Structures are given as C-alpha cells and as structure tokens.
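What follows is a set of notes on a single structure, which appears directly below.
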2 protein chains.
Amino acid sequence: MSAYDEHSVGLVDTDVLHIDKPIKLACGIVLAEHHLYFETYGRLNSERSNAILICHALSGSHHAAGWHAGDRKPGWWDHYIGPGKAMDTERFFIVSPNNIGSCFGSTGPMTINPETEKPWGPDFPPLRARDWMESQKMLMSHFAIDCWAAVVGGSLGGMQAMRWSLEYPEKLLNSIVIASAMKLSAQNIAFNEIARRAIKSDPDYLSGRYLEEHSVPRRGLALARMIGHVTYLSDVAMAEKFGRELHSGNFLVGKTDPIEFQIESYLNYQGDKFADDFDANTYILITKMLDYFDLSREYCHDPVEAFKHASCNFLVISFTSDWRFPAQRSREITDALIGAGKNVSYAEIQSDQGHDAFLLPNQRYEKILGGYLSRVADRLGVVDE
Amino acid sequence: MSAYDEHSVGLVDTDVLHIDKPIKLACGIVLAEHHLYFETYGRLNSERSNAILICHALSGSHHAAGWHAGDRKPGWWDHYIGPGKAMDTERFFIVSPNNIGSCFGSTGPMTINPETEKPWGPDFPPLRARDWMESQKMLMSHFAIDCWAAVVGGSLGGMQAMRWSLEYPEKLLNSIVIASAMKLSAQNIAFNEIARRAIKSDPDYLSGRYLEEHSVPRRGLALARMIGHVTYLSDVAMAEKFGRELHSGNFLVGKTDPIEFQIESYLNYQGDKFADDFDANTYILITKMLDYFDLSREYCHDPVEAFKHASCNFLVISFTSDWRFPAQRSREITDALIGAGKNVSYAEIQSDQGHDAFLLPNQRYEKILGGYLSRVADRLGVVDE
C-alpha cells in the first residue's frame with residue numbers, strides 16, 4: 001500500500017484544538033481547559049451536513065487514515081476511510097479526535113497538570129464514555145457542525161456511538177456500533193484487571209509517577225498488551241497463523257535446547273512493541289472506562305428505556321469469532337433498539353479474526369458499512385466532490 | 001462436609017517413596033534418584049487387580065481425597081473419591097502421587113539437587129508427560145501392581161492417561177481422559193506464555209534463584225494464577241457468580257472513590273492465595289510440559305496411528321462450557337480412537353463451570369464416571385469390601 005494510492009487519503013497532518021471552555025467530568029472534577037489532537041479527511045460541505053465522527057477504542061489515536069511522513073503503515077482504520085472506500089472521503093468529512101485521557105497528544109495522564117506543573121500521571125481524573133462525548137461535542141462546535149451524519153466506532157468506540165444517541169439525540173442522524181456491547185461482562189473486567197495488575201506490579205510503575213522519575217513500566221505494559229492481544233484474536237485465527245510451529249528448539253529425545261513456539265515469540269514481540277508506544281497510566285485509565293460503561297445504568301438498567309431517548313438510525317455490526325465482544329452482545333443491542341421502536345440494521349459478519357476483525361479487511365463488512373453510508377449520503381444529497 | 005462423613009475417606013496420611021533406580025528423562029538427562037509423595041485410598045485386593053492411578057494436572061498434588069488434620073477443606077477430587085463415590089474406595093485401591101517437577105514434596109525445582117546441594121530451581125530438567133508416566137510406573141512396581149484397573153486424569157492428567165495407553169498398553173485396562181486434548185492450541189500456549197512471562201518479569205524471580213536468596217516472586221505468581229483462573233472459568237459462570245456487582249465505590253456522578261468490581265476483588269484474592277501455596281519454577285516447568293505434549297508427535301502426527309498401539313478401553317469426558325479444552329478436542333480424541341478401532345465411550349457433559357467443571361460436583365458426570373468404573377469393578381470381580 002502506498003501513500004499515493006488513488007483510494008488513500010495520502011499524506012495527512014495532525015491538528016490540535018485548544019479548548020478553554022471548562023468541561024465537567026462525570027466524576028465531578030472540572031478540567032478548566034484541555035486540548036484535542038485530531039485529524040480530518042475529506043471536505044465539510046457548505047451545509048455542514050456531511051460530517052462523520054470517528055470514535056477510537058482503547059489503544060487508538062486520531063490517526064485513523066492516511067500516512068504521516070516517514071511512517072511505514074497508514075492510520076488504524078485506513079482500509080475503511082478514503083476516496084471510494086466504505087467511509088468515502090469524496091462524500092464525507094471525517095473527524096477523528098484523540099480523546100482526552102489517551103496518550104497521543106490530547107490532554108491526559110502524560111500531559112502537564114497546570115496545578116502541579118507535573119504530568120497528571122495516576123491523578124488524571126477517572127473518565128466515562130460520556131466525558132469523551134462532551135469533549136467531542138466541543139470539537140463539533142469548533143467546526144460549527146450542528147448534526148453528525150454519523151457517529152461511528154468499534155469496541156469502546158461503539159459505546160461512544162451509543163452514548164451520543166442517548167445524550168444528544170438531535171445531534172446525530174446515524175449511530176454505527178461495531179463489535180461493541182452495552183456493558184462488559186465479568187470475564188471482560190477480569191482480563192482488564194489482570195492487565196492493570198500487571199502494570200501496577202511492575203516496580204518501574206512507581207505508583208504511577210514513572211514519568212517524573214524518567215522510568216517506564218515496560219514489563220507490565222508488555223504483559224498487559226499480551227493479555228489484551230490474545231483476547232482480541234480468535235482461537236481459530238491463532239491456530240491458522242501460528243499453529244504449533246516452533247520458533248526455536250526441537251523435541252528430539254536427548255535435547256534440552258529451549259523450545260519456543262512461534263506464538264510465544266510473536267506475542268512477546270507485540271508486547272514489547274506496545275510498551276514502546278503506549279502509556280501505562282493511560283492503559284489503566286481507559287480499561288477502567290471500558291469496565292465502567294453501562295449503557296442503561298442511568299435508565300433504570302433497562303436498555304429499551306434507554307434507547308427510547310434515541311432518535312437516530314442505527315447500524316449494528318458484529319463478528320462471529322469475536323469472543324471479547326461476542327455477537328450475542330450486539331444482538332442484545334439490536335433487540336433493545338427494536339424494543340424501543342428504533343430503526344436498526346444488524347449484520348453478523350462471518351470472520352475468523354476475533355475482535356480484531358473490526359479493524360481488518362473483510363469484503364462483507366466493507367460492503368455493509370459502505371452501502372449503509374452511501375445511502376446516508378444519498379439521503380443528505382451529498383454528491384461526490 | 002466433615003472428615004467423618006460416611007462417604008469420605010476421612011483423615012489421610014501422605015507417604016513418600018524413595019526411588020533409587022535412575023530415571024532417564026525424555027530430554028536425555030538422568031535423575032539418579034527421586035522421591036515421590038503419594039496417598040492411597042481403599043485397599044489393594046489380593047489379586048492386585050483393583051488399582052486406579054490418579055494423574056494430577058498443573059497445580060494438583062497427591063492429596064486428592066480425604067482430610068489432613070487441621071485442614072479446612074478436603075483433597076482436590078474428594079467429591080469423586082470415597083466409599084460409594086464415583087471412584088469407590090470400597091471397591092478400588094486408589095493411588096495418587098505428586099509427580100516429579102511439582103512442588104508438593106516430590107523431587108522438583110524446590111528440592112535439593114544433590115550435585116550442587118542447592119535447590120534445583122530453574123535447572124530442573126524440562127519434563128514431558130512420559131516422564132511422569134515412567135515415575136508412576138516405578139510407584140506401580142513398589143506396589144507390585146502389574147496392571148492398573150484404570151488410569152484417570154483431567155486436563156494434563158488426561159494427557160498422562162492417554163500416554164499410558166500408548167506406551168504401556170498391557171499395563172492398564174482403562175484410560176479415563178477428562179477435559180483434555182491431544183495437544184494444546186496456539187491460544188492455550190499463548191496464555192501459558194503470558195503467565196510464564198509474568199513470573200519471569202517479577203524482579204523477585206531472580207532468574208529462578210529466588211529460593212537460595214530467600215525471595216518469592218509473589219507478584220508474578222499471582223498474575224500467572226489470575227490468567228489461568230479466568231481461562232478455567234466460563235464467561236457464563238463468571239457472569240452468574242459475579243456479574244457486575246461492586247465490591248467498593250459507586251457510580252454516582254461527582255464521586256471519585258475507587259470503584260472495584262467483585263470479580264476484581266475475587267481474582268486478586270485467588271492470585272495472592274496461590275502465590276502463598278505454589279512454586280514459580282514449578283509453574284513454568286509444568287506449563288511448558290503442557291505446551292510440549294503432542295500425543296501423536298512420535299506417531300507421524302497421526303492420532304489414529306498412535307491409538308492403534310493402545311489396547312485398553314477408553315472413557316472420554318468433556319464439558320460444554322470448557323473453552324480451554326473445548327469439547328471439540330475430546331471429540332477429536334474419540335474420533336481417533338474410533339478410527340483406530342478402539343472401544344471408547346464419550347460423554348459431553350452440560351456444565352456452565354468451564355474447565356474447572358472436571359473438579360466440581362455434577363450429577364451427570366458423577367453417574368457416568370461412577371457407572372463406568374462400577375462396570376470395570378464388576379468385570380474384575382471386585383466386590384465391596
């Protein structure tokens with residue numbers, strides 16, 4: 001894939017918006033100001049009606065599509081964003097922020113707390129999906145957009161897309177909820193807690209003050225990623241990709257050379273790479289945000305009651321081999337939407353790729369997402385530019 | 001449950017057997033001598049035909065049934081071993097060793113290496129299931145038993161039961177293989193490797209020399225157990241037992257008290273408890289043994305060819321919600337046995353308890369195991385004593 005492919009958005013720049021309007025977080029703490037890194041792809045039309053908000057998940061960033069100079073790979077959702085792609089930048093204006101609390105530039109644990117003049121670190125306030133939504137709404141105002149054509153996200157991104165539909169029903173026409181859930185299961189929370197404990201057990205974590213001490217809890221972060229990574233993949237995908245192939249050693253009787261399977265070497269590599277790129281406090285903060293999300297907590301724990309507040313249309317997508325956010329969770333979303341009398345399309349996509357499927361090429365997924373958004377654009381009267 | 005229940009084997013003692021016959025391990029290393037801790041329940045009949053060998057799994061010990069003085073709970077398989085129970089001690093003589101490499105007394109990483117006069121630690125030779133079998137065979141000789149009425153085990157225990165059937169076909173009449181597999185999947189290996197890395201990442205691991213330094217890698221061992229524990233439970237069982245119940249904190253807006261779910265508190269407790277009871281080098285050694293097991297590696301990777309060497313009867317049992325050793329793995333064992341023309345019964349037991357089901361009360365499991373063994377005793381002419 002090249003930066004100059006006709007379906008690529010090509011080289012992209014990152015912008016930053018400084019927001020000095022205070023934001024009151026769900027926990028009650030007020031951030032007096034914050035900044036958001038973001039990217040946009042495509043052009044906002046004169047009616048300002050063709051904007052799509054991309055909501056990233058746990059480890060995502062604003063860099064969803066195109067290439068940064070010198071990079072060896074494009075943004076994380078590049079397969080689905082570009083001219084003629086499912087999220088067609090010839091028809092839509094795509095806004096992709098890095099959310100607060102994350103570690104790719106926006107205000108979060110790695111940025112300086114103006115009150116202490118030190119990094120926020122572990123003191124960054126606990127966040128809820130609605131806090132991301134409020135901050136995204138400020139970015140929306142910056143562009144003078146009144147209504148998103150669609151809010152789209154996978155996993156934690158889908159949680160934001162649902163939250164938007166309940167809290168600001170008049171501010172979006174479509175909510176696209178991919179590989180998500182109305183709340184995490186005990187098993188999901190368990191894996192997140194093990195990852196957090198791995199980080200906190202690392203002596204280099206220094207109770208979260210590692211930045212001040214020029215330390216990095218690499219071992220803990222690598223373990224956290226390895227745990228996450230296994231749960232994003234399916235058993236079948238791992239069997240096909242790695243099987244029981246050996247990386248080193250052998251089973252000849254009489255040999256004691258260390259035996260390492262390919263899957264071990266792969267996972268260790270992925271863990272170490274992640275430890276170079278991500279922030280430990282951010283990982284703790286955002287996994288807790290995932291755990292805390294409960295769509296209908298404030299609606300008497302009744303998802304049908306919750307979705308009665310929505311007025312947009314919905315597209316819900318799941319993947320058959322996803323065991324972190326199984327198809328059953330998406331069917332529950334769909335059932336609740338039907339119960340609330342909402343307009344919903346549901347697609348369960350055959351895939352061996354586990355939870356990661358929402359990021360990977362898949363023809364049927366591409367057609368369903370692209371077809372849905374193409375009809376959205378048609379209804380808005382958006383033409384190819 | 002009390003030690004004096006009529007179906008309990010009651011108070012039991014542990015024995016130890018010193019074996020000075022050298023054992024050549026699969027890796028080629030020779031252990032000049034070793035000792036085995038073991039327990040027995042029931043009485044060996046005069047024909048020496050009513051003996052059952054119990055093969056423990058990763059974290060098991062010789063203490064499978066009954067009570068040790070002062071203990072608050074009985075052995076790990078107590079529900080299935082005792083007078084009138086599925087493994088009926090009024091009809092069978094049950095032999096339950098702690099296998100070499102484990103940490104409950106038998107020769108392993110925690111015992112002294114006579115050559116260095118220090119604990120074996122990380123230098124204990126890599127083991128394969130066949131090494132456990134060879135050592136168990138020495139215990140068999142100690143009792144002058146020529147043929148086991150049955151070799152029984154769950155998980156890694158089932159792997160030993162299968163290995164016995166191939167290597168010493170004339171030495172067992174029945175192989176009972178519960179919640180097991182002919183080899184681990186890439187996903188299984190991945191979880192084991194993360195657990196091992198958690199242990200090795202703990203600075204108190206000291207490259208495995210922690211015993212000499214009076215240190216214990218508790219943090220790593222706790223993490224390893226937490227990872228294992230989640231994979232032994234099913235999503236459904238966790239949802240039923242813990243759901244999203246809170247242990248502390250609440251979601252009221254304006255609150256920043258730390259929120260902890262019940263599942264988090266439970267898992268952390270289980271991890272810490274395990275770190276008190278188990279040995280880190282043993283965990284590494286035995287998870288590798290699990291990874292290495294491949295029933296048909298030496299039989300041209302053809303399980304049908306492998307099982308042609310067996311001559312005993314088989315009972316294969318799986319549990320519907322077990323995702324670590326899914327029912328599909330047991331169906332593959334059964335299919336290979338049928339392909340090899342062997343006599344096999346297969347039961348897929350409905351259970352929400354995940355892999356742990358093989359240790360837990362379940363009426364259908366109890367009846368199938370008890371019924372099978374009762375017919376074994378009948379055929380042997382064993383009467384209630």
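First the proteins, then the strands, lettered A, B, ... as listed; each starts at 1. Hydrogens, waters and symmetry mates are skipped; everything else that's a heavy atom, side chains included, is used. Being a predicted model, the structure only gives us computed values, none of them experimental.
- Scored by the side-chain contact (heavy atoms from CB on, under 4.5 Å) test, A:Ser59 finds A:Arg225, A:Phe274, A:Phe278 as partners (sequence neighbours excluded).
- Applying the 6.0 Å contact sphere to CD of B:Glu245 captures no more than 12 heavy atoms from other residues, nucleotides or ligands.
- To the nearest 0.5 angstrom, A:Ile189 atom CD1 is 11.5 Å from B:Phe242 atom CZ.
- Here the CG-CE distance, from B:Asn188 to A:Met238, works out to 9.5 Å after rounding to the nearest 0.5 Å.
- Summarising the geometry of B:Ala186 relative to A:Ile263, their closest heavy-atom pair is O-CG1, 3.8 Å, with the distance given to 0.1 Å.
- By the 30° and 60° cut-offs, the orientation of the rings of B:Trp323 relative to A:Trp323 is tilted.
- For chain B, the nearby parts of A:Tyr292 are the backbone and the side chain; heavy atoms of each come within less than 4.5 Å.
- Residue-level contacts of residues 190-205 of chain A with chain B, in order of numbering, are A:Ala190, A:Phe191, A:Glu193, A:Ile194, A:Arg196, A:Arg197, A:Ala198, A:Ser201, A:Pro203; threshold 4.5 Å between heavy atoms.
- How far CZ of B:Arg324 is from CG of A:Asp235: 11.5 Å, rounded to the nearest 0.5 Å.
- Considering NZ of A:Lys288 and CD1 of B:Ile259, their distance stands at 7.5 Å, rounded to 0.5 Å.
- Counting only heavy atoms from C-beta outward, the side chains of B:Arg244 and A:Leu184 approach each other to under 4.5 Å.
- The two residues B:Gln187 and A:Leu233 make their nearest non-hydrogen contact at NE2-O, 4.5 Å.
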